[in-house]
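Let me begin by presenting the structure, written as structure tokens, before commenting on it.
Position 1 is the first residue of the sequence; numbering continues from there.
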Amino acid sequence: MWATPPQPLPLQLRRPLGPPPRPFLTRHRSSRLNRIAASQDRLTPLSRQLWGRALPPAQLVLAVRHGWTAAWQLLMRQLAPSDPETGAFTRTPSRFPAVVGTPSSRLHLYVGLPCPWAHRALVVRALLGLEARLPVSVAVPGDDGAWSFTPDSPDGLYGKRKLREVYAARSGGFEGRASVPMLWDAERREVVCNESIEIIKFLCGLANADGGGLDLWPPELRQDIDRWYGVIYPSVNNGVYRCGFAQSQEAYDAAASELFGALDRLEAHLAGSRYLCGDRLTLADVCLFTTLIRFDLVYNTLFRCTRRKLAEYPSLHAYTRDIYQMPKVAETCDMEAIMAGYFKTLFPLNPGGIQPLPPASCDSESLLRPHGREALSSAAGTPLEAAGVS
């Protein structure tokens with residue numbers, strides 16, 4: 001834990017000793033203050049008026065530091081709830097974690113392009129060819145951080161301005177976080193589910209009922225998929241958030257160690273297996289992909305996942321390119337929206353809102369380079385315990 005800084009000394013304004021200022025000095029000071037008031041950049045001339053070109057006084061630095069730290073902690077508690085004892089990020093459970101019953105045929109999917117959890121649903125929808133069956137509305141982060149709709153990205157179902165207004169349209173209303181992805185039953189005006197892994201499993205069942213060809217959730221591999229997901233979700237998918245939203249050094253150190261330990265194991269496994277479960281793409285791969293495609297773009301810098309870049313993992317980077325190059329997958333990856341959704345929206349992590357240049361490893365030219373993974377032999381028969389999966 002960081003040591004608690006000393007409390008700031010109280011500012012004391014003292015009346016100067018000696019005779020009152022002469023009129024021409026008063027007029028001169030008044031003139032300078034008037035220029036400060038008229039200036040569009042009032043902070044710079046005001047600071048020079050107070051302490052010239054020197055650094056601000058220690059009392060002011062300490063006061064601002066204490067104030068900013070308190071405001072940061074308040075914002076982080078609202079944005080990313082944490083364990084009050086350890087400072088470790090604790091994800092809020094989904095309000096509608098499972099598909100209950102049989103929804104109607106009039107379904108609508110709500111997503112946000114920056115969100116990796118919503119991206120899962122978009123990738124599965126594209127791979128399974130469900131675009132005509134499942135219309136989608138794309139929300140964008142608003143200035144207040146809430147998912148919103150704009151004329152360029154409208155709510156295609158009801159024309160709402162905020163996603164929470166769609167949630168509130170269900171019977172009984174809604175209170176809480178309006179998150180994406182969200183699967184909506186338009187006939188019953190009800191939330192079907194807003195837990196990403198359950199949504200994509202449901203979409204696989206929807207495609208199978210329609211006689212689709214690709215099965216990302218085959219019965220014979222479901223146990224292996226679930227075991228891989230047991231590694232991917234806590235250590236990688238949520239692991240990057242545990243790094244970025246950690247509110248203590250100890251919480252960050254633990255999350256970063258677990259994240260890169262998992263990436264090292266995945267790198268070793270994928271060096272001999274094209275996908276996680278052998279030669280077949282599954283939901284486990286989709287769940288890993290949507291974090292990996294954001295890793296160098298966002299998580300490496302903004303979330304302090306800095307031990308290695310994805311580009312430094314030869315197998316993981318080639319694996320990411322392999323999935324990116326599958327038909328229709330690249331169309332779901334809006335790199336500009338992803339960067340803006342993190343750097344310009346997560347104010348406590350990036351107060352200036354400055355968006356850096358994207359890494360060269362994340363541009364289309366790099367992601368479309370040959371991956372060479374077609375030549376890998378199947379590792380479907382390799383015990384998962386050998387890859388550190390139990």
Side-chain angles (χ1 to χ4, degrees), residues 93-113 115-139 156-157 163 166-167 170-171 179-234 237-238 274-291 323 326-329 331-333 380 384 389:
S94 299
R95 175 76 179 276
F96 304 94
V99 178
V100 179
T102 304
S104 76
S105 59
R106 290 187 58 208
L107 298 174
H108 197 90
L109 181 63
Y110 286 93
V111 299
L113 298 181
C115 175
W117 318 100
H119 194 187
R120 296 175 174 185
L122 282 177
V123 171
V124 170
R125 173 179 176 265
L127 288 172
L128 298 181
L130 292 173
E131 294 91 340
R133 173 78 181 274
L134 184 63
V136 65
S137 290
V138 179
L157 195 58
L163 180 61
V166 180
Y167 271 85
R170 63 180 293 272
S171 59
S179 62
V180 292
M182 189 266 278
L183 188 62
W184 177 262
D185 189 326
E187 182 175 310
R188 299 175 181 175
R189 296 178 70 88
E190 183 58 81
V191 176
V192 175
C193 185
N194 67 351
E195 174 57 57
S196 63
I197 188 66
E198 296 302 321
I199 289 176
I200 60 179
K201 288 178 179 179
F202 175 80
L203 296 186
C204 289
L206 202 65
N208 290 339
D210 290 346
L214 181 63
D215 191 354
L216 299 172
W217 179 233
E220 67 274 18
L221 291 178
R222 289 181 182 180
Q223 185 176 3
D224 287 351
I225 293 170
D226 285 342
R227 292 171 73 184
W228 274 116
Y229 191 66
V231 173
I232 294 165
Y233 171 75
N237 297 152
N238 199 42
R274 184 170 184 181
Y275 304 116
L276 291 174
C277 296
D279 289 338
R280 295 183 64 175
L281 184 80
T282 68
L283 291 183
D285 298 295
V286 173
C287 292
L288 180 57
F289 169 77
T290 58
T291 295
I323 299 175
M326 291 180 176
K328 299 191 288 188
V329 172
E331 298 170 15
T332 70
C333 304
L384 296 184
V389 180

Problem - Within-4.5 Å side-chain heavy-atom neighbours: N237 and Y229 - result: yes
Problem - D185 side chain to S104 backbone, donor-acceptor under 3.5 Å - result: yes
Completion exercise
Shortest non-hydrogen pair, I323 vs Y275, comes out as CG1-CE2, 4.5 Å
Handout entry: Flag side-chain contact, heavy atom, 4.5 Å: V191 against W184
Key = yes
Handout entry: P327 to L127 - nearest heavy-atom pair and separation
Key = O-CD2, 4.1 Å
Exercise for the section: Verify, without hydrogens or angle tests, whether Y167 (side chain) and S179 (backbone) share a donor-acceptor contact under 3.5 angstrom. Expected result: yes
Problem - K201 with D226: basic N within carboxylate O range, under 4.0 Å - result: yes
Completion exercise
For I232 and A284 the tightest heavy-atom approach is CD1-O, 3.6 Å
Completion exercise
In short, R133 meets L206 closest at the heavy-atom pair NH2-CD1, 3.3 Å
Practice task
Report yes if some heavy atom in the side chain of L107 is under 4.5 Å from a heavy atom in the side chain of F202; otherwise report no.
Solution key: yes
Problem - Sole residue of L134, L214, L216 in side-chain contact (heavy atoms from CB on, under 4.5 Å) with V124 - result: L216
Fill in the blank from the handout: Here the gap from Y233 atom OH to W117 atom CH2, rounded to the nearest 0.5 Å, amounts to 5.0 Å
Completion exercise
Between the CZ atom in R280 and the CG atom in D215, the distance rounded to the nearest 0.5 Å is 6.0 Å
Fill in the blank from the handout: Separation between CZ (F96) and CD (E198), nearest 0.5 Å, reads 15.0 Å
Problem - Distance in Å, T290 OG1 paired with D285 CG, rounded so as to fall on 0.5 Å steps - result: 11.0 Å
Fill in the blank from the handout: So CZ of R120 and CD1 of I197: to nearest 0.5 Å the spacing works out to 5.5 Å
Problem - CA sep, side-chain torsions, deciding dist, call: V166, L157, side chain to side chain contact (heavy atoms under 4.5 Å, CB included) - result: CA-CA 9 Å; V166 180; L157 195 58; 5.9 Å; no
Practice task
Evaluate the side chain to side chain contact (heavy atoms under 4.5 Å, CB included) criterion for residues S171 and E190: first the C-alpha distance (whole Å), next the side-chain angles of each, then the deciding distance (0.1 Å), finally the verdict.
Solution key: CA-CA 7 Å; S171 59; E190 183 58 81; 3.5 Å; yes
Exercise for the section: Grab the two heavy atoms, one from P181 and one from A121, that are nearest each other, plus how far apart they are. Expected result: CB-CB, 4.3 Å
Exercise for the section: Measure the shortest side-chain to side-chain distance between L183 and P103 over non-hydrogen atoms and say whether it is less than 4.5 angstrom. Expected result: no
Practice task
Assess whether side chain to side chain contact (heavy atoms under 4.5 Å, CB included) is satisfied between F289 and V329, documenting all intermediate values.
Solution key: CA-CA 10 Å; F289 169 77; V329 172; 3.9 Å; yes
Practice task
Work out which heavy atom in V111 is nearest to a heavy atom in A118; give both atom names and the distance.
Solution key: CB-CB, 3.8 Å
Problem - Test item: C333 and H119 side chains (from C-beta on) under 4.5 Å apart, heavy atoms - result: yes
Exercise for the section: To the nearest 0.5 angstrom, please state how far the CG atom of L221 sits from the CG atom of L276. Expected result: 11.0 Å
Practice task
Report yes if some heavy atom in the side chain of M326 is under 4.5 Å from a heavy atom in the side chain of L281; otherwise report no.
Solution key: yes
